[in-house]
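These notes are about the structure you will find just below.
Being a predicted model, the structure only gives us computed values, none of them experimental. Labels below follow one simple rule: chain letters A, B, ... track the order of the sequence lines, proteins then strands, and each chain is numbered from 1. All values below were derived from every heavy atom in this structure, side-chain atoms included, with hydrogens, water molecules and symmetry-related copies excluded.
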Amino acid sequence: MQAAANPAAFPTEPSPAALLAWYDRHRRRLPWRAEGGARQEPYRVFLSEIMLQQTTVVTVAPYYAAFLARWPDVAALAAAPLEEVLSAWAGLGYYARARNLHACARAVVERHGGRFPETEEALLALPGIGPYTAAAIASIAFERRAAPVDGNWERVVARLFAVKAALPRARPALRALALTLLPPARFGDFAQAMMDLGATICTPRKPACALCPWTEACAARASGAPERYPVKAAKAAKPTRRGVAFLAVRADGAVLVRSRPPRGLLGGMSEVPSTPWEEEQPAKPVVHAPLRASWTALNAPVTHVFSHFALELEVWRAALPAATPAPDGHRWVVPDGFDAEAFPSVMRKVLRHAGSGGE
DNA sequence: AATTCGTGGCT
DNA sequence: TAGCCAAGAAT
């Protein structure tokens with residue numbers, strides 16, 4: 001191997017400096033990043049990191065811009081009603097993030113006088129901020145020594161050291177290895193360099209090893225099959241749940257809507273009333289209807305895939321007189337009001353499906 | 001420790 | 001197409 005013949009030119013250990021040098025040339029310009037090596041405002045790091053949890057850069061970008069324009073600082077977000085935050089978050093998924101984002105903004109105002117704490121420990125105590133996000137804010141916003149180990153870090157580290165233990169059990173070991181990589185300074189840049197490396201070079205499939213600053217130090221690369229890392233445990237199968245949604249449409253076009261319970265699946269979000277969603281369709285769906293009406297089933301069910309189950313939702317529609325009052329816990333919403341509602345994607349499918357006359 | 005919790009894009 | 005994947009946290 002050339003590495004053995006010339007260890008100075010082909011280091012066998014990953015050097016933090018090499019990655020930082022690569023980052024200085026190739027770092028991505030993203031809406032939530034400061035320019036020219038400046039520190040980013042903690043609120044912007046916080047907002048982006050919460051949104052980016054399990055969510056792609058492309059998906060987050062418009063939501064980040066909208067939130068920042070509407071709530072430019074943590075005090076503004078803390079002062080907003082939760083319903084408005086949920087409505088602005090609608091479509092982004094994992095809605096506990098929006099509830100916790102709001103709770104966290106209020107906690108920062110109430111407990112910390114409107115300024116984010118700077119240590120991982122204090123950040124970790126805030127709602128919605130876990131080990132990753134605490135380390136991300138500490139390193140990127142405050143230049144603290146911290147390792148925000150996300151999926152990118154895990155993949156890079158698993159490949160560098162050819163870790164054969166499977167995720168998620170291997171997570172503590174991967175974190176320990178990650179800590180050995182930290183540079184003596186530039187912690188924020190290093191954190192983002194690891195993410196950029198994972199996102200653009202050390203990708204899940206077809207990694208671009210020829211372009212990697214650590215290619216000579218990578219055990220997975222040496223094995224000839226870097227894409228086999230990280231090893232992952234098999235995932236559980238997704239069951240299908242079924243239900244019936246009741247689309248009551250008033251003569252003026254208003255649709256009958258309610259809010260879901262404040263926690264759990266789609267917690268606090270708006271929905272068309274429906275039966276419970278279970279693996280067995282309820283024998284008599286109509287007993288769950290929000291009001292007496294002549295229900296007509298649309299031809300095809302709405303299908304939607306959640307994180308841990310698939311849903312087949314039949315839509316039953318009924319026309320109601322304009323004067324029909326809303327039952328307790330329900331409200332009528334005209335189409336012009338849909339955008340202000342916190343409809344998750346599955347409910348937008350239901351409304352669109354019916355609106356296009358799918359019977 | 002294992003589950004719960006969304007969505008859209010890509011292969 | 002059916003599965004895989006994306007800057008995880010809470011319980």
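- B/dC5 and C/dA6 have their C1' atoms separated by 15 Å, with the value rounded to a whole Å.
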- In B/S/- notation, 5' to 3', how is nucleotides 5-11 of chain B contacted by protein heavy atoms closer than 4.0 Å? BBBS--S
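- If A/G128 and A/L30 are placed on DNA chain C by their nearest nucleotide, the residue sitting closer to the 5' end is A/L30.
- In this structure, A/R155 atom CZ and C/dG8 atom P are separated by 10 Å, rounded to whole Å.
- Here the C1' atom of nucleotide C/dA7 and the CG atom of A/D196 are 10 Å apart, to the nearest Å.
- Atom CG of A/L52 and atom P of C/dG8 are 8 Å apart (whole Å).
- In this structure, a donor-acceptor pair under 3.5 Å is absent between the side chains of A/N100 and A/R97.
- Taking every heavy atom of residues 162-195 of chain A and every atom of DNA chain C, pairs under 4.0 Å involve A/M195, by number.
- Rounded to whole angstrom, the span from the CG atom of A/L101 across to the P atom of C/dA9 amounts to 13 Å.
- Nucleotides C/dA7 and C/dT11 have their P atoms positioned 24 Å apart, rounded to a whole Å.
- Of the N and O atoms on the side chains of A/S259 and A/R331, at least one donor lies less than 3.5 Å from an acceptor on the other residue.
- Spacing of C1' atoms, C/dC4 relative to B/dG6, comes out at 15 Å, to the nearest Å.
- A/W89 comes within 4.0 angstrom of nothing in the nucleic acid, heavy atoms only.
- Salt bridge status for A/E35 with A/R29: present, with a side-chain N to carboxylate O gap under 4.0 Å.
- Stacking of A/R260 on the aromatic ring of A/W277 is recorded, both the 6.0 Å distance cut-off and the 45° axial limit being met.
- Here the C1' atom of nucleotide C/dC4 and the NZ atom of A/K206 are 15 Å apart, to the nearest Å.
- Here A/F190 and A/W153 bring their ring centres to under 6.0 angstrom of each other.
- As a whole-Å value, the separation of A/N152 CG from C/dA6 C1' is 8 Å.
- Between A/H308 and A/F306, the distance separating the two ring centers is not shorter than 6.0 angstrom.
- With a 6.0 Å cutoff to the six-membered ring centre and a 45° limit on the axis angle, A/R159 does not count as a cation-pi contact of A/Y229.
- A salt bridge is absent between A/E227 and A/K206; no separation between the charged side-chain nitrogens and carboxylate oxygens falls under 4.0 Å.
- Atom NZ in A/K235 sits roughly 15 Å away from atom P in B/dT4 (whole-Å rounding).
- Taking the six-membered ring for Trp, A/F246 and A/W295 have ring centres closer than 6.0 Å.
- A/P127 comes within 4.0 angstrom of sugar-phosphate atoms only, judged by non-hydrogen atoms across all strands, and of no base.
- Using a 4.0 Å cut-off between charged nitrogen and carboxylate oxygen, A/R44 and A/D73 do not count as a salt-bridge pair.
- Rounded to whole angstrom, the span from the CZ atom of A/R44 across to the C1' atom of C/dA7 amounts to 18 Å.
- As judged by a 4.0 angstrom heavy-atom cut-off over every strand, A/S48 is placed among residues making no nucleic acid contact.
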